[in-house]
Amino acid sequence: MDEALADKTATTYQRYYNKFSEFCEKLKLCPKGKGSAHSVELWVAELSKCGLTYGTVQSHLSAVRHVSKREGLDIDMQSDKIQLALKGLKRKTIHAPKKHAVSLSELALLQSKADVLPAHTSLMFRIMVSLAFFGFLRPSEYCITTEDHHLKFGDIKLAKSGKSCYLRLKSYKHSVKPVIIKIMGSWSKSDNVVSLLRTYLDRNSHQCKTAPLFNISVARFRSMLCRVAAEAGLKSLVTPHCFRHGGATWASKQGWSTARIQAHGRWRSSAYTSYVNSY
């Protein structure tokens, strides 16, 4: 399998492919040879019946494509029936309710209401939401999870000018290749994320480079976020992933190019479009 795939993605792909194989065996279909396109067509129809979205079905097909190549199978994924089914799923997904995209003003409001939390936690919270927003970060990249994608103290670098900071993600959801994310302090209209980060690093100068930047789980951060959002009086449901949506939407409104948004958010395809919402 592609060496650039992260362990979790590789495991997920293998699980999806195993489901495809079991489906073929159940219907006495051969996943290779002349019946390959027919097998995938029926598989897409089955996934659609299960209520899976366009993006999730695409992930299943990517799994079949990757694993089949590794096993020397040649499976046709471009039949007219498959493409027609995918188009139908895409239309359904487009009209499905989108996750709320946090706006820049909502970000500032959340930061201003963070004082409802203890002092140290308040500072940490303000930095976390800022980095998540301007770095288009997934929750697993700034909170501790079993995947070990989260930022560590050694992954942060402040520019000498004091105007920007750099985040180094050694691995992330779909890749084990490191990437550098640059964030400018001038992007924020309220708390300057670079200044906040400098204060936070100074207070935690005793921490080793391999220690988590934020020693907090997604569940705990979600609880803190709910508390602050309630204090801020936000009507929309705000979850940890809403900042990635908000950051991508903000960048689009700022006139960022497609290539820049994709690179900043580590998107390899047009999947980023589902993250760009209207406020």
Side-chain angles (χ1 to χ4, degrees), residues 93-143 145 150-151 163-165 167 173 181-200 213-214 216-258 260-262 264-267 271-279:
T93 303
I94 289 174
H95 291 94
K98 289 187 176 182
K99 188 177 289 292
H100 177 66
V102 173
S103 67
L104 196 60
S105 59
E106 287 175 331
L107 174 66
L109 185 58
L110 287 169
Q111 291 174 326
S112 68
K113 298 299 181 179
D115 289 341
V116 69
L117 303 171
H120 177 75
T121 307
S122 172
L123 173 62
M124 182 178 68
F125 177 86
R126 289 158 65 196
I127 298 172
M128 290 179 76
V129 295
S130 295
L131 293 182
F133 184 93
F134 293 114
F136 307 176
L137 299 181
R138 301 178 178 90
S140 62
E141 293 166 352
Y142 58 93
C143 296
T145 66
H150 53 267
L151 290 165
K163 297 181 179 180
S164 61
C165 63
L167 316 180
K173 185 176 180 181
I181 300 173
K182 181 180 181 180
I183 295 177
M184 300 295 295
S186 59
W187 290 346
S188 177
K189 292 183 178 180
S190 54
D191 293 331
N192 186 308
V193 63
V194 180
S195 298
L196 288 174
L197 197 52
R198 178 180 290 104
T199 301
Y200 183 76
L213 183 63
F214 306 116
I216 183 174
S217 67
V218 177
R220 187 183 168 208
F221 175 69
R222 184 181 291 111
S223 176
M224 290 165 50
L225 180 57
C226 287
R227 183 179 177 185
V228 177
E231 183 71 17
L234 296 185
K235 296 181 180 179
S236 299
L237 175 64
V238 180
T239 67
H241 211 72
C242 288
F243 297 100
R244 182 168 168 82
H245 284 261
T249 301
W250 166 81
S252 178
K253 291 182 178 293
Q254 291 295 306
W256 285 27
S257 67
T258 295
R260 186 181 179 187
I261 293 176
Q262 286 180 303
H264 198 76
R266 291 88 61 211
W267 284 292
Y272 84 94
T273 57
S274 65
Y275 284 78
V276 177
N277 300 11
S278 58
Y279 294 130

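Note that this is a predicted model, so its numbers are computed, not measured. Sequence positions, counted from 1, serve as the residue numbers for this chain.
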Should the ring pair Phe136 and His264 be called parallel, tilted or perpendicular, given that the plane angle runs from 0 to 90° and is split at 30 and 60? perpendicular
Taking atom types as modelled, find out whether Thr258 and Tyr272 have a side-chain donor-acceptor pair closer than 3.5 angstrom. yes
If I compare all heavy atoms of Gly135 with all of Arg266, which pair ends up nearest, and what's the gap? O-NH1, 3.2 Å
Test applied, side-chain contact (heavy atoms from CB on, under 4.5 Å); reference residue, Val102; option that passes from Leu107, Val129, Leu234: Leu107
Flag side-chain contact, heavy atom, 4.5 Å: Ile127 against Leu213: no
Within a strict 4.5 Å, meaning less than it, do heavy atoms of the Leu197 and Ile183 side chains meet? no
Ring geometry between Phe221 and Tyr142 (parallel below 30°, tilted from 30 to 60°, perpendicular above 60°): perpendicular
When you compare the side chain of His100 with that of His245, does any pair of heavy atoms fall below 4.5 Å? no
Side-chain contact test, heavy atoms from C-beta onward, threshold under 4.5 Å: evaluate it for Phe134 versus Leu104 and give yes or no. yes
Mind checking whether Tyr200 and His120 have side chains closer than 4.5 Å, heavy atoms only? yes
Do Phe214 and Leu131 come within less than 4.5 Å of each other through their side chains, counting heavy atoms only? yes
Can you tell me how the ring of Trp267 sits relative to the ring of Tyr275, calling it parallel under 30°, perpendicular over 60° and tilted otherwise? tilted
Under a 4.5 Å cut-off applied to non-hydrogen side-chain atoms, are Pro240 and Met128 in contact? no
Less than 4.5 Å apart, side chain to side chain, heavy atoms only: is that true for Phe243 and Val238? yes
